[in-house]
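Atoms within a ligand are numbered from 1 in the order they appear, just like the ligands themselves.
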Amino acid sequence: MKERMEKLIKLINQANYEYYALDKPTITDQEYDRYMQELIELEKKYPELVSDDSPTKRVGTKVIDRFNKVTHEIPMLSLSNVFNENEIRAFDERIKKEIKNPSYVCELKIDGLSVSVVYKDGKLIRGATRGDGITGEDITHNVETIKTIPLTLKEKIDIEVRGEIFMSKASFNKLNTEREKKGEELFANPRNAAAGSVRQLDSKVAASRNLDNFMYHLPNPIDYNIDSHYEALCFMKELGFNVNAKNKCAQNIDEVLEFIDYWGQNREKLPYEIDGIVIKLDSIKGQQKLGLTTRSPKWATAYKFPALEVLTRLKDIVFSVGRTGQVTPNAVLEPVRIAGSVVSRSTLHNEEYVKLKDIRIGDIVAIKKAGDVIPEVVEAKIDRRDGTEKEFVMTEYCPICHSKLVKKESEAAYYCINEHCDAKKIESLIHYASRDALYIEGFGEQIVEDFYNLGYLRSFLDFYTLKEHKNELMELEGFGDKSINKLLDNIEKSKDNSLERLLFALGIRYVGSKTAKILAKKFKNIDNLISASYEDLLAIHDIGKMIARSVVDYFKDEKNIKLISELKKFNVNMNYIGKEEVINEKLKDKTFVITGSLETLTRSKAKEKIENAGGKVTDTVTSKTDIVIVGENPGSKYDKAKKLEIEIWNEEQFLENLK
Ligand code: IVH
């Protein structure tokens with residue numbers, strides 16, 4: 001009988017390995033079930049003959065009464081995080097200080113929970129959670145039910161390996177559908193579902209959840225004569241573990257970036273969730289040289305994909321005043337990282353938006369960021385309410401100057417109509433310098449507000465007289481010779497912008513950047529526009545009554561005409577500089593990267609010129625880059641361009657080719 005039982009175990013284990021690890025089954029499901037049933041019957045009859053590695057354990061027969069503590073002899077570390085290319089390159093630079101020409105292994109960062117499994121004589125004897133890294137919990141009874149974790153290895157060795165327990169998207173959806181039917185609480189994501197499943201005393205629950213596993217770490221490679229991480233992965237695979245076939249060796253950091261780029265775009269297609277890419281130094285000797293911090297190894301890091309929708313708490317709703325006087329409710333959020341940046345504020349647009357979505361103070365809300373769009377509160381999680389949430393009330397007074405707000409008919413917005421309201425002025429200055437307006441680089445919200453409060457910047461004209469205060473400005477905390485010169489330089493450079501940018505910068509009501517472009521193209525210079533009548537404007541396609549009226553009213557106002565003539569005196573360009581009609585053959589369809597600072601152009605201006613000439617500008621130097629434009633103090637992109645033998649232009653060559 002013993003022999004038959006051993007034979008059955010061998011057959012079932014082999015079938016599991018072929019099915020899960022190799023993805024090449026050689027027996028049918030029915031045959032598999034028959035073997036399993038026969039073994040269960042025999043084990044019932046002869047309990048003294050039950051083997052340690054019986055695959056019947058997968059069915060979940062054990063129930064424990066508490067979780068025992070387990071000490072990890074080698075601490076189970078976490079990983080440091082990086083969020084963008086610069087941080088990835090900085091990681092590479094740190095490694096390069098210790099190791100020449102490092103190569104890496106890139107792995108998918110599976111969103112589950114880490115597990116340590118220990119084998120003696122090739123038999124699984126313990127499975128444990130990470131816990132705090134030193135002490136975890138014994139979850140052997142549940143680990144035994146996970147079909148991709150072998151109960152016996154191909155070799156009779158003593159070994160510990162570590163990896164991730166996770167739930168596939170399909171199993172997660174199935175589980176939640178079943179729970180919904182039964183009226184049970186739903187799991188928020190596959191990770192929570194996996195974690196909830198392994199923390200069950202009754203192993204039947206874990207067995208029914210269809211958990212899965214990938215192994216990715218061998219804590220003691222030296223003991224097995226292994227000197228690279230990639231070899232360790234192969235070794236684990238040979239022993240019968242499930243090792244992710246998507247793992248890849250990268251000869252340098254650019255290949256790592258390519259891997260990240262690929263999976264950033266294709267991760268949705270995977271049958272399980274990943275939240276990033278793990279980058280590991282391949283050489284074990286190198287790993288030892290670099291060592292560890294208390295939390296994480298210095299030889300590895302995790303690049304986290306930008307989250308596109310995240311949950312956070314709405315702590316408060318505060319009001320701000322825009323340059324048109326419009327008062328907007330804003331969400332004050334528990335800071336949360338989304339798409340690579342930390343968000344703590346986001347617009348709620350207007351009273352109607354908040355009421356329609358029934359957003360309340362204290363709510364858990366979903367924040368979404370798509371592409372370059374400003375993050376937005378998309379919905380309140382009503383089922384997360386506990387009754388302490390406060391309903392939103394729109395303010396009746398300007399939060400800055402406290403004058404009574406006015407609601408215009410047919411508009412959802414409330415306005416502060418006090419002409420002298422500081423908030424309106426600061427906003428209009430921020431707008432004037434902003435990216436789509438005159439793009440005076442360096443004049444972000446904080447600087448504009450500070451300069452306003454210090455009295456240096458009260459009107460648009462003050463930008464052009466700032467240089468008279470250069471010495472005082474250099475004394476300000478946080479500023480120096482260099483940074484003030486840069487700001488003043490940027491003001492000078494911004495004077496050459498085409499008319500549409502100025503029109504948009506002036507903040508004429510209803511004249512957005514698109515309308516500004518239409519007007520600039522049509523009238524060619526500001527004087528023609530000033531003398532245009534309401535009818536002239538209305539005759540233009542895409543210009544409606546509201547815009548026409550607003551433009552005419554704007555230029556009727558003596559104050560505005562005076563402003564224009566003052567700006568002219570400062571040599572601010574008032575002409576339309578159209579796109580180059582003739583596509584430049586040297587730039588057309590070429591991909592450019594700009595590195596270092598250019599003397600005569602801002603980076604955005606250079607980009608604009610390239611795009612106008614039919615070229616494209618990207619951030620990363622890859623084999624697809626055609627030309628790299630190199631300014632002063634170029635970064636690593638320059639070295640990379642040389643290495644890849646990509647054509648390099650200095651600023652002079654660039655300007656010459658632009659002609
Ligand atoms: S390596 C010393 N590799 O991510 C080795 N971790 O944020 C440390 N994870 O605790 C772990 N996929 O639970 C590693 N391919 C992978 C991983 C991975 C997922 C998890 C793991 C770890 C966490 C760190």
Heavy-atom gap Pro297 to ligand 1 smaller than 4.0 Å: yes
Check if Leu108 has a non-hydrogen atom at a distance under 4.0 Å from any atom of ligand 1. yes
Determine whether more than 12 heavy atoms belonging to other residues, nucleotides or ligands lie under 6.0 Å from atom CG of Asp158. yes
Say whether Ser78 and ligand 1 are in contact under the criterion: heavy-atom distance to a ligand atom below 4.0 Å. yes
Between the side chains of Asp383 and Lys381, is the shortest nitrogen-to-carboxylate-oxygen separation below 4.0 Å, so that they form an ion pair? no
What atoms of ligand 1 come closer than 4.0 angstrom to any heavy atom of Glu107? 3 (N), 15 (N), 16 (C)
Starting from atom 13 (O) of ligand 1, which protein heavy atom do you reach first, and at what distance in Å? Glu164 OE1, 2.7 Å
What protein heavy atom sits nearest atom 12 (N) of ligand 1, and how far off is it? Ile110 N, 3.1 Å
Give yes or no for whether the N/O distance cutoff of 3.5 Å, strictly under, is met between Leu79 and ligand 1. no
Assess the pair Tyr303 and Phe259: is the distance between their ring centroids shorter than 6.0 Å? no
Student check: side-chain heavy atoms of Glu155 and Leu239 closer than 4.5 Å: yes
Where is the nearest protein heavy atom to atom 17 (C) of ligand 1: which residue, which atom, and how far? Tyr216 CE2, 3.3 Å
N/O of Lys109 under 3.5 Å from N/O of ligand 1, yes or no? yes
Could you check whether Lys182 pairs with Glu178 (Lys NZ or Arg NE/NH1/NH2 to Asp/Glu carboxylate O, under 4.0 Å)? no
Heavy atom of the protein closest to atom 10 (O) of ligand 1 (residue, atom name, distance): Ser114 OG, 3.8 Å
Among Lys246, His229, Lys248, the one residue meeting side chain to side chain donor-acceptor pair (under 3.5 Å) with Glu107: His229
Is there a heavy atom of Arg162 sitting under 4.0 angstrom from any atom of ligand 1? no
Enumerate the atoms of ligand 1 whose separation from the nearest heavy atom of Leu77 is less than 4.0 angstrom. 8 (C)
Any carboxylate oxygen within less than 4.0 angstrom of a Lys/Arg side-chain nitrogen, looking at Arg384 and Asp363? no
Evaluate whether atom NZ of Lys169 has more than 12 neighbouring non-hydrogen atoms of other residues, nucleotides or ligands under 6.0 angstrom away. yes
For His72 and Thr129, indicate whether the former's side chain and the latter's backbone hold a donor-acceptor pair under 3.5 Å. yes
To check your reading of the model: name the closest protein heavy atom to atom 3 (N) of ligand 1, its residue, and the distance in Å. Lys280 NZ, 3.0 Å
With heavy atoms of Val278 as the reference, note each atom of ligand 1 found under 4.0 Å away. 3 (N), 15 (N), 16 (C), 17 (C)
